[in-house]
Structures are given as structure tokens and as C-alpha cells.
Amino acid sequence: MNFFGANCQSGPFTDVQFGVCDDQPGLPSYVDTANTSKWIATVQNTAQTPVTFTAIDKCVIQDGEEPGRGRCDGMLTTHHLLYLLELKEQRSSWRA
């Protein structure tokens with residue numbers, strides 16, 4: 001399992017703001033820089049730090065691999081930080 005393989009990565013993104021989407025059934029989540037209506041998560045990157053997105057579910061770990069093991073949708077990395085993302089439709093009591 002390679003979490004840093006280029007085939008599951010996109011970017012780096014240096015936009016001040018971009019979104020992460022998961023609106024295509026059966027396909028991995030992805031970054032979008034223009035269509036805010038598709039964004040499930042919004043990334044604020046005011047320092048315009050290069051951020052790489054890695055699709056974990058349906059790319060690093062394919063459906064059917066690692067049965068019974070949970071997995072997050074994706075990962076955002078910079079030179080100094082790593083964020084794991086679980087994308088869910090927004091609910092009123094959840095953090096935006």
C-alpha cells in the first residue's frame with residue numbers, strides 16, 4: 001500500500017481556497033478549484049502553501065481490498081503537515 005504513489009495524487013495546489021469533492025459514485029474523491037457547489041470540504045490556504053491531495057478510498061485502497069478495515073476518503077499533505085479527510089454531506093451539528 002503506497003500512500004505517496006503519484007497515480008493517486010493530484011497537485012500540488014497553491015490556491016488560496018479550493019474544495020474536495022466526492023460526487024462520482026465508484027470513483028475516488030478529488031480536488032476542484034472552480035465549482036464551489038460540488039465541494040464537500042473547503043480548504044483555506046491563505047499562505048498558498050503547496051498542498052498535495054491523495055485519494056485513499058478507491059485509489060490507494062481499492063474496493064474489495066482490506067475487507068473490514070475502515071479507510072478515509074483522502075489525505076492532504078504539505079512539507080510539514082498531513083491531514084486525513086473523511087467526507088460527509090454537511091449536517092447542522094457538524095463542523096463545516
Side-chain angles (χ1 to χ4, degrees):
M1 194 175 315
N2 183 0
F3 286 90
F4 296 98
N7 62 316
C8 293
Q9 292 186 332
S10 59
F13 299 95
T14 56
D15 303 67
V16 172
Q17 180 176 291
F18 59 89
V20 183
C21 309
D22 192 19
D23 62 340
Q24 300 173 345
L27 297 176
S29 52
Y30 62 95
V31 166
D32 179 86
T33 59
N35 192 350
T36 60
S37 65
K38 291 184 166 192
W39 298 1
I40 295 175
T42 302
V43 177
Q44 300 293 338
N45 185 16
T46 55
Q48 295 183 291
T49 302
V51 178
T52 299
F53 176 76
T54 304
I56 295 176
D57 189 23
K58 296 180 178 40
C59 196
V60 171
I61 304 173
Q62 294 291 326
D63 287 346
E65 292 180 336
E66 302 289 330
R69 174 175 271 179
R71 64 197 75 183
C72 60
D73 291 299
M75 174 174 71
L76 295 171
T77 52
T78 70
H79 288 294
H80 296 85
L81 301 169
L82 181 147
Y83 296 95
L84 297 172
L85 303 175
E86 178 61 30
L87 302 170
K88 300 288 182 199
E89 292 299 324
Q90 187 62 34
R91 297 185 185 191
S92 62
S93 61
W94 290 13
R95 185 176 183 162

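Start at 1 with the first residue, then count along the sequence. What you see is a predicted model, and the numbers here were worked out from it, not measured in a lab.
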Item to complete: Enumerate the residue pairs fulfilling salt bridge (Lys or Arg N to Asp or Glu O under 4.0 Å) with a member in residues 40-56, sequence neighbours excluded, ordered by first and then second residue.
Response: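 Not a single pair qualifies under salt bridge (Lys or Arg N to Asp or Glu O under 4.0 Å).
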Fill in: Summary of salt bridge (Lys or Arg N to Asp or Glu O under 4.0 Å) pairs that have at least one residue in residues 25-46, sequence neighbours excluded
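Listed by first then second residue: D23-K38.
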Discussion item. Do V20 and I40 make a side-chain contact, defined as non-hydrogen atoms from C-beta onward lying under 4.5 Å apart?
Written reply: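 No. Closest side-chain heavy atoms not under 4.5 Å.
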How far apart are the closest heavy atoms of [X] and [Y], and which atoms are they?
{"X": "V43", "Y": "L76", "value": "CG2-CD1, 3.7 Å"}
{"X": "L87", "Y": "A41", "value": "CD2-CB, 3.8 Å"}
{"X": "N7", "Y": "C59", "value": "O-SG, 4.0 Å"}

Discussion item. Keeping R71 on the side-chain end and K58 on the backbone end, is there a donor-acceptor pair under 3.5 Å?
Written reply: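 No; judged by distance alone, with no hydrogens or angles, the pair does not exist.
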Could you give the distance from [atom1] ([X]) to [atom2] ([Y]), rounded to the nearest 0.5 Å?
{"X": "T54", "Y": "L82", "atom1": "OG1", "atom2": "CG", "answer": "8.0 Å"}
{"X": "C72", "Y": "L84", "atom1": "SG", "atom2": "CG", "answer": "4.5 Å"}
{"X": "D57", "Y": "S29", "atom1": "CG", "atom2": "OG", "answer": "7.5 Å"}

Item to complete: Sequence neighbours left out, what passes side-chain contact (heavy atoms from CB on, under 4.5 Å) with L27? Give chain and number order.
Response: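 Testing L27 for side-chain contact (heavy atoms from CB on, under 4.5 Å), a comparison that skips the adjacent residues, returns Q24.
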Fill in: D73: salt bridge (Lys or Arg N to Asp or Glu O under 4.0 Å) partners, not counting sequence neighbours
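Salt bridge (Lys or Arg N to Asp or Glu O under 4.0 Å) list for D73, sorted by chain: empty.
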Fill in: ring pair (Phe, Tyr, Trp, His ring centres under 6.0 Å) contacts in which one or both residues fall within residues 18-60, not counting sequence neighbours
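Passing the test, one end in residues 18-60: F13-F18.
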Worksheet item: If you look only at pairs with a residue in residues 77-86, which of them pass as a side chain to side chain donor-acceptor pair (under 3.5 Å), with sequence neighbours excluded?
Response: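 Pairs touching residues 77-86 that pass the test: E86-K88.
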